[in-house]
Q: 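To start, I am sharing the structure in question, which I have written as structure tokens.
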2 protein chains.
Amino acid sequence: MSGPKSRKPLADSVAVHDQVYDAIRQALITGRIAPGVGVSLRSLAAELGVSPMPIRDAVRRLVAERALEINPANKRLSVPSLTAGRLEQLSMARLWVEPELAARAAPHADAALIKRLRELDAAVDEALKLGDVDAYMTANHDFHFALYQRAGAEVLLAMAGGLWLQIGPFMRVVFGRVGADGLVADRHAEAMEALKVQDAEGARRAIAADLSEGMDKMRAAVEAGR
Amino acid sequence: MSGPKSRKPLADSVAVHDQVYDAIRQALITGRIAPGVGVSLRSLAAELGVSPMPIRDAVRRLVAERALEINPANKRLSVPSLTAGRLEQLSMARLWVEPELAARAAPHADAALIKRLRELDAAVDEALKLGDVDAYMTANHDFHFALYQRAGAEVLLAMAGGLWLQIGPFMRVVFGRVGADGLVADRHAEAMEALKVQDAEGARRAIAADLSEGMDKMRAAVEAGR
DNA sequence: CTCCAAAAACTGTGATCACAGTTTGCGGGG
DNA sequence: CCCCGCAAACTGTGATCACAGTTTTTGGAG
């Protein structure tokens with residue numbers, strides 16, 4: 001109304017291939033698509049109700065992020081299988097980059113962040129109580145990345161996102177074998193305490209411990225499952 | 001010849017989009033495409049003599065690897081600009097993952113690897129002497145990754161590859177400002193000495209020092225150039 | 001029932017076209 | 001000379017089709 005020039009260059013409309021990317025990514029993170037199974041462009045297209053074209057874009061991106069695999073022999077798509085070696089490398093990488101992000105975010109922690117984290121942690125606990133695996137995975141992911149985003153480290157944040165995407169399928173396997181209540185979220189409280197006083201090293205330690213415990217459980221599950 | 005069934009399912013023919021990927025990747029690593037400049041699918045297609053379709057696939061991959069950027073406003077493509085923050089994050093990440101790869105590769109070092117590394121290091125020196133920037137970049141890249149590949153750590157290797165891709169444009173800027181002879185390759189010799197006796201920690205230190213020196217020069221160049 | 005070969009279905013890849021939004025270039029008025 | 005406005009060129013996106021290779025299904029012979 002009163003706007004002299006309603007500068008609205010748009011570019012708002014989210015591209016279809018981005019929506020497709022998010023959909024597949026979510027399915028991968030929550031483990032809805034099991035490791036080892038094959039997928040195809042047209043089947044995904046039919047399932048999501050779009051043409052194969054945006055699927056192609058999204059899949060290309062996911063392959064680059066190693067969240068999907070492409071068989072070099074017949075060029076067919078599949079979700080990467082779980083191996084002990086892969087898990088070990090992913091664990092080590094996460095254990096380096098995520099605590100670093102937490103430490104960098106600590107100085108920028110404010111009341112709004114704490115509040116948001118508390119809500120997400122409550123959602124985590126709620127999902128654990130209900131045994132809702134998908135909800136737990138989503139809430140846990142959102143908790144970590146709401147924190148990491150405050151680090152203002154775009155490159156490291158992208159690395160963490162890629163690692164989480166790759167390790168998502170492992171998590172589902174853990175839940176399938178040991179049950180969701182095998183994981184405790186106490187470290188989240190520890191992290192929030194550190195953030196309240198902007199204690200970077202405390203946040204680093206808390207997140208490192210949180211990851212370490214989770215990864216240990218995954219490793220045990222993978223070793224037991226072979 | 002005694003093979004009962006010469007199983008040869010093929011799948012050899014390299015896809016066009018992979019060739020395109022390599023071409024653009026090489027152009028970025030060697031810095032032939034300057035940071036900040038815009039590119040377009042059709043212009044790349046015309047330059048490489050293919051249809052826009054495989055370009056699209058390759059670009060999608062490079063965007064996922066953060067080697068190319070896509071302006072969220074007008075969705076146009078460009079090479080990411082150099083910022084001190086980006087360089088700092090990339091340095092820190094490289095300084096963690098690459099020495100780790102060197103240390104993991106050390107136990108698997110054999111005479112063939114040493115020989116190959118010596119050749120590549122000679123190529124590095126040769127390129128430095130001639131002032132051939134492209135040749136130096138290529139040889140230096142090949143030296144590092146010939147070593148890293150022996151680590152047998154696919155996930156970490158891919159991370160290192162992605163980081164190198166992102167930092168490539170920075171290197172070219174350094175050469176443009178301080179000259180190629182500003183960089184010494186002595187650390188390569190130090191690394192090879194450690195590899196001869198399969199000294200993992202020695203290899204780790206040598207590669208860390210090599211990177212550290214290079215990144216310092218880049219940082220100085222970036223700070224001086226603003 | 002077993003085994004093998006032909007056919008049908010499905011796979012990723014690449015090309016071409018249409019479309020809407022953005023940028024650029026050019027011309028004319030002030 | 002400056003600046004505004006319109007048109008042409010260019011941008012990424014999505015759909016559709018064709019093709020070659022692979023897998024799966026099918027059907028018939030032994």
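A, B, ... follow the sequence lines: proteins, then strands. Residue 1 opens every chain. Quantities reported herein were computed from a predicted structural model and do not represent experimental measurements. FYI, side chains are in, hydrogens and waters are out, and symmetry mates aren't considered; it's all heavy atoms of this structure.
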Q: Between D:dT23 atom P and A:Lys75 atom NZ, what is the distance in whole Å?
A: 13 Å

Q: Holding to ring-ring contact (aromatic ring centres under 6.0 Å, His included), I want the full list of residues that pass it with B:Phe145, two or more places apart in sequence or in another chain.
A: B:His141, B:Tyr148, B:Trp164

Q: In whole Å, what is the span from the CZ atom of A:Arg42 to the C1' atom of D:dA18?
A: 11 Å

Q: To the nearest 0.5 Å, what is the distance between CG (B:Asp142) and CD (B:Glu119)?
A: 11.5 Å

Q: Does A:Arg76 contact C:dG12 through a side-chain donor or acceptor facing the base, at a distance under 3.5 Å?
A: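 For A:Arg76, whose side chain was compared with the base of C:dG12, there is no donor-acceptor pair (under 3.5 Å).
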
Q: Using 0.5 Å steps for rounding, measure from the CG atom of A:Leu211 to the CG atom of A:Asp216.
A: 10.5 Å

Q: Can A:Gln26 and A:Thr138 be counted as having a side-chain donor-acceptor contact under 3.5 angstrom?
A: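 Short answer, yes.
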
Q: So how far off straight is the helix from C:dC1-D:dG30 to C:dG30-D:dC1, going by the axes through five pairs at either end, to 10°?
A: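 Terminal axis comparison yields 0°.
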
Q: Can you measure B:Arg61 atom CZ to C:dT13 atom C1' for me and round it to whole angstrom units?
A: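 One finds 15 Å between C1' of C:dT13 and CZ of B:Arg61, rounded.
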
Q: Choose from D:dG12, D:dT23, C:dG12 the nucleotide whose nearest atom is closest to any side-chain atom of A:Asn74.
A: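 Closest nucleotide among those given: D:dT23.
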
Q: Does any residue of residues 44-59 of chain B have a heavy atom under 4.0 Å from DNA chain C, and if so, which ones, in number order?
A: B:Ser51, B:Met53, B:Pro54

Q: Using 0.5 Å steps for rounding, measure from the CD atom of A:Gln89 to the CG atom of B:Leu156.
A: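 Interatomic distance, A:Gln89 CD to B:Leu156 CG, rounded to 0.5 Å: 4.5 Å.
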
Q: Just to verify, what does A:Asp110 make a salt bridge (Lys or Arg N to Asp or Glu O under 4.0 Å) with, not counting sequence neighbours?
A: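 For A:Asp110 the salt bridge (Lys or Arg N to Asp or Glu O under 4.0 Å) partners, ignoring immediate neighbours, are A:Arg150.
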
Q: Under the salt bridge (charged side-chain N to carboxylate O under 4.0 Å, His left out) definition, can you give me all pairs with a residue in residues 36-45 of chain A, not counting sequence neighbours?
A: none

Q: Give every pair of a protein N or O atom and an N or O atom of nucleotides 5-7 of chain C that lie under 3.5 Å apart, one pair per line with the distance.
A:
none

Q: In whole angstrom, what separates B:Arg60's CZ from C:dT13's P?
A: 15 Å

Q: Rounded to whole angstrom units, what separation is found between the CG atom of A:Leu77 and the P atom of C:dT11?
A: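 Spelled out: CG on A:Leu77 to P on C:dT11 is 10 Å.
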
Q: Could you tell me which non-hydrogen atom of A:Pro35 sits nearest to which non-hydrogen atom of A:Ser81, and how far apart they are?
A: CB-CA, 4.3 Å

Q: Before accepting this row, confirm whether a basic side-chain N of the pair A:Arg219/A:Glu88 lies closer than 4.0 Å to the acidic partner's carboxylate O.
A: no

Q: What contact category does B:Val20 fall into here, base, sugar-phosphate, or nothing, at under 4.0 angstrom with non-hydrogen atoms?
A: nothing

Q: Round to the nearest Å and state the distance from A:Leu41 atom CG to D:dT16 atom P.
A: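 Atom CG in A:Leu41 sits about 16 Å away from atom P in D:dT16.
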
Q: Measure from OH on A:Tyr21 to P on D:dT13 and round the result to the nearest Å.
A: 15 Å

Q: Taking 4.0 angstrom as the limit, do A:Arg86 and A:Glu69 come out as a salt bridge?
A: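 No salt bridge links A:Arg86 with A:Glu69.
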
Q: Report the distance from atom CG of A:Asn71 to atom C1' of D:dT22, rounded to the nearest whole Å.
A: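 About 11 Å, once rounded to whole Å.
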
Q: Mind checking the CG-CZ spacing from A:Leu101 to A:Arg94? Nearest 0.5 Å is all I need.
A: 11.5 Å

Q: Tell me whether the side-chain N/O atoms of B:Ser40 come closer than 4.0 Å to OP1 or OP2 in D:dT11.
A: yes

Q: Looking at OH of B:Tyr136 and CG of B:Leu128, how far apart are the two atoms once the value is rounded to the nearest 0.5 Å?
A: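 CG of B:Leu128 is found 5.5 Å from OH of B:Tyr136.
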
